[in-house]
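What follows is a single structure, written as structure tokens, with notes after it.
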Amino acid sequence: MGPTLDEARALDAADPLASFRDRFSLPKGVIYLDGNSLGPPPTKTRERIGKVISGEWGEGLIGSWEKAGWIAAPARIGAKIAPLVGASAHEVIVGDSTSVNLFKLMAATLAAQPERRTVLIEADDFPTDLYLARGVAGFAPDARLKIAPPGGLCEFLGPDIAIAVLSHVHYKTAERRDMAAISRAARDCGAFMLWDLSHSVGAVRIDLHGAGADLAVGCGYKHLNGGPGAPAFLFVAERHQARLENPLSGWMGHADPFAFAPEYRPAKGIARFLVGTPPILGLSALEAGVEIVSEAGAAAIEAKAARLFEFLAACAASRLACFDLTIIGPSEAERRGGHVCLRHPDAGRLIALLAERGVIGDFRPPDLARFGLSPLF
Ligand SMILES: *Cc1c(COP(=O)(O)O)cnc(C)c1O
């Protein structure tokens, strides 16, 4: 018969993260299992944005760039994300979209290593990563793109690879890759390794330092609950910061933006990866989202997501066995992210029928039904 509703209620009652649900605005009667596509709004975000608009912007006007800490926001919020990804505060900065950050870091590594001309990526990685790898390879002088089969990145590492790009948690299968082993393999062949943390930040523990990681990017509007189109973040290990230059050499990455000098001179540290004026409304919402995740902690979130997965898998095994429905991806907790994907020939209709009953997941054509097991709500 499998798990019962009473068992689910008992688990809820003993759940140390249970109170977090009240800190999100969600429609009544809705079970939202799509926080890995768009996290819901934390209730404090509305208040935060209201204050920024009426107080900081409305009253403080242009003085708020300094007085309200606007100019410092990309570094300040980067420092708040840093512990969630196992980095130091001065190695993470917030700004632009994940797509733009992918471009900046890929292009920077090609420019820094004229003797290495290949960008390496896996065939089934997230589409924007693939598109940008292709775009950068077409844009940087003599650069090429190499596409490895799914799971095969390491076999293609070699003396011509400038940079290899990989999602830490796969957006469909939820497979979590071995960051330490793959980073080591890239380092051994002299290539940079760029991790896309979009589906792992705020869902599982990440230890960039422990893995000896070089570079990473990540999304603000998924498990970090930063709001639609929230600014993304990037990580550059301290040892690489002086050597890599931002190809989008905008004034916010200048060593002294307000000197209005005609010559570009990059800022010393991670700030050189900024481009233009930071979007303060979006950053304010992101900061509120990041604070909630930090308060809960990545370890507690990961542990609960693993139990949610076990519960769901047990339900599926006991009740859905007759429906030709399979959970794809690994089942071991340490090899999974915080979402689950089911394969069924009629997955699109399944997702539509669930939505009519107030359960929101998403459909990944042709046959995948994907559900975010977001422990905070
Ligand atoms: C969501 C996601 C992105 C998003 O990129 P945007 O520039 O914000 O649209 C990038 N990569 C991965 C792996 C993602 O999951």
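Quick caveat: nothing in here was measured; it's all calculated off a predicted structure. Both counts, for ligands and for their atoms, begin at 1 and track the order of listing.
Of the charged side-chain nitrogens involved, none lies within less than 4.0 Å of a carboxylate oxygen, so that Asp324 and Arg343 do not count as a salt-bridged pair. At a threshold of 4.0 Å, the pair Lys51-Glu56 does not count as salt-bridged, since none of the basic side-chain nitrogens sits closer than that to a carboxylate oxygen. A salt bridge does not link Asp124 to Lys172: none of the charged side-chain nitrogens sits closer than 4.0 Å to a carboxylate oxygen.
Residue Tyr171 places no N or O, backbone or side chain, under 3.5 Å from any N or O of ligand 1. Where the criterion is an N or O separation shorter than 3.5 Å, residue side chain and backbone included, Ser99 meets it with respect to ligand 1.
Listed by atom number, the atoms of ligand 1 under 4.0 Å from Ser97 heavy atoms are 7 (O). Near Tyr221, the atoms of ligand 1 lying under 4.0 angstrom from a non-hydrogen atom of the residue are 1 (C), 4 (C), 5 (O), 6 (P), 8 (O), 9 (O). Residue contact check: His199 has heavy atoms under 4.0 Å from atoms 15 (O) of ligand 1. Against a heavy-atom cut-off of under 4.0 Å, Ser198 is close to the following atoms of ligand 1: 2 (C), 3 (C), 10 (C), 11 (N), 12 (C), 13 (C), 14 (C), 15 (O).
In this structure, the side chains of Ser97 and Val100 come closer than 4.5 Å at one or more pairs of heavy atoms.
Aromatic pair Trp251/Tyr264: centroids not less than 6.0 angstrom apart. Remark: aromatic rings of Phe103 and Phe139 are close, center separation under 6.0 Å.
Considering only non-hydrogen protein atoms, atom 11 (N) of ligand 1 sits nearest to Asp196 OD2, 2.8 Å.
Here Asp125 has no heavy atoms under 4.0 Å from ligand 1, in either its backbone or its side chain. When heavy-atom distances to ligand 1 are checked against a 4.0 Å cut-off, Ser167 comes that close only through its side chain, counted from C-beta outward. Proximity of Thr98 to ligand 1, defined as any heavy-atom pair under 4.0 Å, is shared by backbone and side chain alike.
Between atom 3 (C) of ligand 1 and the options Lys172, His168, Lys222, the minimum heavy-atom separation is to Lys222.
A donor atom on one side chain and an acceptor atom on the other are not found under 3.5 Å apart for Gln241 and His90.
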Full working for salt bridge (charged side-chain N to carboxylate O under 4.0 Å, His left out) between Glu291 and Lys80: CA-CA 8 Å; Glu291 282 166 6; Lys80 289 185 182 177; 2.9 Å; yes

